[in-house]
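Below is one structure, written out as structure tokens; the observations come after it.
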Amino acid sequence: MGLPRAAVAAKAATAMPTTASPILIFDSGVGGLSVLAPIRALLPHAPIVYAADNAGYPYGTRSEVEITARIPALLGRLAERYDPRLIVIACNTASTIALDAVRAALDVPIVGTVPAIKPAAARSKSRAIGVLGTDATVRQPYVDRLAAEFAADCTVLRHGSAELVDLAEAKLRGEPLDPAAFARILDGLLGQPGGDAIDSIVLACTHFPLVESELAAAAPRPIAFIDGKEGIARRTAWLLRHTTWPEQPRADTALFTRNGGTIDRYREGLAQFGLSGIETL
Ligand code: DGL
């Protein structure tokens with residue numbers, strides 16, 4: 001699966017991106033839609049392909065070895081298919097584990113997603129912040145480094161929840177959600193020793209902003225939920241600031257890596273993010 005670096009480089013040398021070349025936004029599932037929305041707000045004429053690796057979902061319970069082996073090869077294949085001018089890895093799990101490997105493998109500009117510990121620490125008055133991510137993300141040395149660099153004077157507590165990722169997917173399929181589940185998941189963080197002081201929670205998985213209102217409603221006290229999606233959008237727009245975009249109306253597409261039976265249930269949710277077409281790999 002995927003293209004070797006030399007093949008991608010040769011392709012890049014012969015086929016410069018055209019005005020029709022899209023921004024490719026990538027995640028294991030629908031989480032990257034939380035990043036798509038602010039990108040579209042800043043770049044309304046940019047063609048977008050949204051790629052959901054539902055064949056690999058969920059990433060958060062996979063090993064580092066699996067993720068590092070899977071994502072550069074898959075993105076190489078997607079780059080060959082769509083000739084994107086830029087790829088946004090709209091996934092904390094993939095970015096904190098495989099960003100360097102992807103950059104080494106592809107000659108396409110890559111924007112990654114990292115847990116928003118810096119803005120959370122800048123904002124916290126209690127100097128206690130929570131990091132809510134996937135199991136894989138919260139155990140990454142990358143998170144240790146962010147905490148040491150930007151939140152050295154804070155207590156930083158972490159909790160991984162695969163269930164919250166599933167709940168965000170269920171919301172996009174239009175399924176009813178149990179409010180008690182959100183309270184229970186938050187308690188995994190707030191119930192830890194020192195958790196009662198937390199005033200800011202980093203949503204360190206791109207799925208989680210999709211259920212931020214449910215989290216806020218379930219929180220036992222006012223808590224700020226912080227994520228990095230606006231910063232990712234600004235970075236993307238800055239990198240593409242010299243690009244001329246097509247004038248004609250766009251029909252943006254979602255791509256799934258497996259043609260499973262549940263894809264149709266996402267159609268309405270995807271349409272709300274302006275994704276009218278669905279393709280499979
Ligand atoms: N949305 C992804 C993230 O930001 C991962 C969800 C998953 O597949 O576990 O980490």
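Just follow the structure's listing: the first ligand is 1, and inside any ligand the first atom is 1.
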Counting neighbours of CD on E268 that are heavy atoms of other residues, nucleotides or ligands and sit closer than 6.0 Å, is the number greater than 12? no
Collect the protein residues that have a non-hydrogen atom under 4.0 Å from ligand 1 and hand them over in chain and number order. D27, S28, Y57, P58, Y59, G60, C91, N92, T93, T134, V165, C205, T206, H207
Side-chain donor-acceptor pair present, N92, T137, cut-off under 3.5 Å: no
Tell me, which pairs form a salt bridge (Lys or Arg N to Asp or Glu O under 4.0 Å) where one or both residues lie in residues 158-170, sequence neighbours left out? D144-R158, E163-R184
Does anything in residues 259-281 form a ring-ring contact (aromatic ring centres under 6.0 Å, His included)? List the pairs, not counting sequence neighbours. F256-Y266
Under 3.5 Å, which donor-acceptor pairs do the side chains of residues 146-153 form with other protein atoms, sequence neighbours left out?
| residue | atom | partner | partner atom | Å |
| --- | --- | --- | --- | --- |
| D153 | OD1 | R127 | NH2 | 3.0 |
| D153 | OD2 | R127 | NE | 3.2 |
| D153 | OD2 | R127 | NH2 | 3.4 |

Sidechain N-carboxylate O distance under 4.0 Å for D199, R221: no
